[in-house]
Chemist: 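This is the structure I have questions about; it appears just below.
A quick note: this is a predicted structure, and the numbers were derived from the prediction, not measured.
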Amino acid sequence: LSALAGGGTGLLANAFMTLQAMRSTSSAAGALGRILLGQFMKVAVTITLFVLAARTGKVVWPAMLVAYAATLVVFWFVPMMQMRMRRTPG
């Protein structure tokens with residue numbers, strides 16, 4: 001369950017960030033503001049969910065943190081792998 005909590009934390013935090021950053025805006029400054037707000041929300045959601053998990057007293061921290069880190073790795077490496085596959089001649 002700790003790994004599920006860690007992975008879920010990463011997924012929810014990134015979902016909040018993505019939804020905030022993808023909202024339409026009419027200017028570059030507005031887009032930057034949305035990205036910054038999204039990053040703030042991501043950090044706030046992550047901290048909140050980690051604190052809630054800690055309060056249960058039943059968290060296996062290594063499992064939770066490794067699963068959380070794995071979600072971050074996936075969010076970075078999957079798009080890079082997709083770009084690499086698109087560039088590779090078929």
Chemist: If you look at every heavy atom in Ala63 and Ser2, which pair is closest and at what distance?
Modeler: CB-CB, 4.1 Å
Chemist: Under a single-linkage rule joining Ile, Leu, Val, Met, Phe, Trp and Tyr whose side-chain heavy atoms are separated by less than 4.5 Å, which residues share a cluster with Ile35?
Modeler: Met17
Chemist: Mind jotting down which residue pairs meet the side chain to side chain donor-acceptor pair (under 3.5 Å) criterion with at least one end in residues 9-25? Sequence neighbours excluded, please.
Modeler: Asn14-Lys42
Chemist: Enumerate the ring-ring contact (aromatic ring centres under 6.0 Å, His included) contacts for residues 17-38, please, sequence neighbours excluded, ordered by first and then second residue.
Modeler: none
Chemist: Restricting to side chain to side chain contact (heavy atoms under 4.5 Å, CB included), what partner residues turn up for Met81, sequence neighbours left out?
Modeler: none
Chemist: Can you name the side chain to side chain contact (heavy atoms under 4.5 Å, CB included) partners of Leu36, sequence neighbours left out?
Modeler: Leu32
Chemist: Are Ile47 and Met41 in one and the same hydrophobic cluster, where Ile, Leu, Val, Met, Phe, Trp and Tyr link if side-chain heavy atoms are under 4.5 Å apart?
Modeler: no
Chemist: What's in the same ILVMFWY side-chain cluster as Phe77, cut-off under 4.5 Å, chained through other members?
Modeler: Val73, Trp76, Met80
Chemist: Take atom CG in Leu1; do more than 12 heavy atoms of anything else shown fall under 6.0 Å from it?
Modeler: no
Chemist: Could you work out the complete set of other residues in the hydrophobic cluster of Met22, with links drawn between I, L, V, M, F, W and Y side chains under 4.5 Å apart?
Modeler: none
Chemist: Hydrophobic clusters join Ile, Leu, Val, Met, Phe, Trp and Tyr when side-chain heavy atoms are under 4.5 Å apart, directly or via other members; which others share one with Phe75?
Modeler: Leu11
Chemist: Under the side chain to side chain contact (heavy atoms under 4.5 Å, CB included) rule, collect the residues that match up with Val74, sequence neighbours excluded.
Modeler: Val78
Chemist: Can you name the residues that form a ring pair (Phe, Tyr, Trp, His ring centres under 6.0 Å) with Tyr68, not counting sequence neighbours?
Modeler: Phe50
Chemist: Give every residue pair that meets the ring-ring contact (aromatic ring centres under 6.0 Å, His included) criterion with at least one member in residues 10-48, sequence neighbours excluded.
Modeler: none
Chemist: Report the residues that fulfil side chain to side chain contact (heavy atoms under 4.5 Å, CB included) with Ala53, sequence neighbours left out, ordered by chain and then residue number.
Modeler: Val59, Met64
